[in-house]
Colleague: 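Starting off with a structure, shown below.
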Amino acid sequence: MATETAGQPQTTGPAATAPARTPDVRPMRADARRNYERLLTEARTAFTEHGTDTSLEDIARRAGVGIGTLYRHFPNRTALMGAVFQGEVDALLAHARELADAPQPCAALVEWLRAIITHATTYRGLSRALMTASADDSSGMRRCSVPMREAGEALLTRAQRAGAVRPDVSISDLMQLTNGIALAVEESPDDPKLADRLLTLTLRGLKGENR
């Protein structure tokens with residue numbers, strides 16, 4: 001029904017309170033989905049073989065599409081990297097959940113940090129990209145780095161509450177340390193034990209006074 005306010009009709013009842021419709025998200029067409037998946041596959045291979053600074057034009061060529069198609073799906077390099085690494089990030093997040101109730105909180109934290117280093121060293125240039133993403137809210141890698149920080153924060157807090165890690169240690173520091181270790185390992189491929197040595201040195205600085 002309608003009422004009059006200042007000479008203007010107003011509608012009351014269900015029509016007045018109905019929420020605005022959210023625009024439907026159109027599913028990706030089959031051909032676009034195929035292009036998307038081919039680009040991810042070829043990017044993952046190229047990043048593994050040649051590093052994350054590999055030519056985007058080469059990735060598009062290997063996927064059998066034009067560079068314009070690549071940019072329609074991934075507006076920049078970091079957006080492509082974020083999509084490629086999402087699977088590995090999901091695995092690391094699942095691992096963090098598995099470690100949430102581990103009997104030794106500090107050992108659980110270190111195990112997870114070691115897994116991050118292993119992941120980061122799989123792709124040349126990834127550790128540097130992650131370090132940059134941590135300080136850039138607009139980076140396409142943020143969707144990877146933010147949940148990782150949250151998962152690490154939970155493990156760190158648990159270890160600190162147990163007195164196994166100093167209270168002044170932050171997850172930001174730890175993520176930068178792990179990326180720094182990964183970068184050092186990347187630059188020293190002939191030293192397979194370097195990551196464990198550097199992580200051990202880091203752990204000695206992390207431990208609380210009663211440990």
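One is the number of the first residue; the rest follow in order along the sequence.
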Colleague: Side chain of R158, backbone of A108: donor and acceptor closer than 3.5 Å?
Modeller: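 Side chain of R158 to backbone of A108: no pair is present.
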
Colleague: Rounded to the nearest 0.5 Å, what's the gap from CD on Q176 to OG on S170? Could you check?
Modeller: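 One finds 9.5 Å between CD of Q176 and OG of S170.
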
Colleague: Considering all heavy atoms of both residues, which atom of S172 and which atom of R149 are nearest to each other, and what is their separation?
Modeller: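 Where S172 meets R149 most closely, the heavy atoms are OG-NH2, 2.7 Å.
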
Colleague: Run E98 and W112 through side chain to side chain contact (heavy atoms under 4.5 Å, CB included) and show every step you take.
Modeller: CA-CA 10 Å; E98 293 170 357; W112 191 69; over 6 Å; no

Colleague: Under a 4.5 Å cut-off applied to non-hydrogen side-chain atoms, are L177 and L198 in contact?
Modeller: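 A side-chain contact is absent here, since even the closest heavy-atom pair is not under 4.5 Å.
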
Colleague: For the residue pair L40 and E37, establish whether any side-chain heavy-atom pair is separated by less than 4.5 Å.
Modeller: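 Touching, per the 4.5 Å side-chain cut-off.
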
Colleague: Let me confirm one number: the CD1-CZ distance from I67 to R61, rounded to the nearest 0.5 Å.
Modeller: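 If I round to the nearest 0.5 Å, the distance is 11.5 Å.
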
Colleague: For R38 and T41: C-alpha separation, side-chain torsions, deciding distance, then whether side chain to side chain donor-acceptor pair (under 3.5 Å) applies.
Modeller: CA-CA 5 Å; R38 282 202 300 267; T41 297; over 6 Å; no

Colleague: Going through the distances and angles, do R124 and T52 end up as a side chain to side chain donor-acceptor pair (under 3.5 Å)?
Modeller: CA-CA 6 Å; R124 174 172 290 275; T52 57; over 6 Å; no

Colleague: Give, for atom CG of L113 and atom CE of M175, the distance between the pair rounded to the nearest 0.5 Å.
Modeller: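 Reported to 0.5 Å precision, the distance equals 8.0 Å.
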
Colleague: Under 4.5 Å between any side-chain heavy atoms of Q160 and R166, yes or no?
Modeller: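 Not in contact.
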
Colleague: Can you name the nearest heavy-atom pair linking A96 to A151, along with the distance?
Modeller: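 Heavy-atom minimum between the residues: CB-CB, 3.9 Å.
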
Colleague: Below 4.5 Å, heavy atoms only, C-beta onward: do I59 and L80 meet side chain to side chain?
Modeller: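 Contact flag for I59/L80 side chains = yes.
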
Colleague: What are the two closest non-hydrogen atoms of I181 and A195, and how far apart are they?
Modeller: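 In terms of heavy atoms, the two residues are closest at CG2-CA, 4.0 Å.
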
Colleague: Taking 4.0 angstrom as the limit, do R34 and D31 come out as a salt bridge?
Modeller: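 No, no charged N to carboxylate O under 4.0 Å.
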
Colleague: Please give me the minimum heavy-atom distance between P105 and P103, naming the atom from each residue.
Modeller: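 So the minimum-distance heavy-atom pair works out to CD-O, 3.4 Å.
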
Colleague: Please report the interatomic distance NE2(H95) to CG(L155), rounded to the nearest 0.5 Å.
Modeller: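 Between atom NE2 of H95 and atom CG of L155 there are 9.0 Å.
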
Colleague: Do the non-hydrogen side-chain atoms of K193 and D191 ever get within less than 4.5 Å of each other?
Modeller: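 They are in contact (side-chain heavy atoms under 4.5 Å apart), so the answer is yes.
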
Colleague: To the nearest 0.5 Å, what is the distance between CE on M148 and CG on D90?
Modeller: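 The CG atom of D90 is 10.5 Å from CE of M148, to the nearest 0.5 Å.
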
Colleague: Enumerate the salt bridge (charged side-chain N to carboxylate O under 4.0 Å, His left out) contacts for residues 40-54, please, sequence neighbours excluded, ordered by first and then second residue.
Modeller: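 Sorted pair list: E42-R62, E49-R62.
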
Colleague: For the atom pair NE2 (H73) and CZ (R33), what is the distance rounded to the nearest 0.5 Å?
Modeller: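 That separation rounds to 8.5 Å.
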
Colleague: Looking at every non-hydrogen atom in both residues, tell me the closest pair between G152 and I171 and how far apart they are.
Modeller: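 Scanning both residues, the minimum pair turns out to be C-CD1, 3.4 Å.
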
Colleague: Closer than 3.5 angstrom, by distance alone: can the side chain of S188 be matched with the main-chain N or O of D190 as a donor-acceptor pair?
Modeller: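 Here the side-chain-to-backbone pair does not exist.
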
Colleague: Around Q104, counting heavy atoms of other residues, nucleotides and ligands shown, do more than 12 lie under 6.0 Å from its CD?
Modeller: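 Not buried by this count: 12 neighbours or fewer within 6.0 Å.
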
Colleague: So which atom in V165 and which in C106 form the shortest heavy-atom distance, rounded to 0.1 Å?
Modeller: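 For V165 and C106, the tightest heavy-atom pair comes out as CG2-SG, 4.1 Å.
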
Colleague: Under a 3.5 Å threshold, yes or no: a donor from one side chain and an acceptor from the other, between E88 and Y123?
Modeller: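 A pair is found: one side chain offers a donor N or O, the other an acceptor, under 3.5 Å apart.
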
Colleague: Pairs of donor and acceptor atoms involving the side chains of residues 115-122, under 3.5 Å and at least two apart or interchain, shall be tabulated with distances.
Modeller:
unit_1 : atom_1 : unit_2 : atom_2 : d
T118   : OG1    : R114   : O      : 3.1
T121   : OG1    : I117   : O      : 3.0
T121   : OG1    : T118   : O      : 3.0
T122   : OG1    : T118   : O      : 3.0
T122   : OG1    : H119   : O      : 3.3

Colleague: Side-chain contact, heavy-atom cut-off 4.5 Å: N76 with Y71?
Modeller: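 In short, these two side chains do not touch, never coming nearer than 4.5 Å.
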
Colleague: For R161, look at atom CZ and say whether over 12 heavy atoms of other residues, nucleotides or ligands are found less than 6.0 Å away.
Modeller: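 No, the 6.0 Å shell around CZ holds no more than 12 heavy atoms from other groups.
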
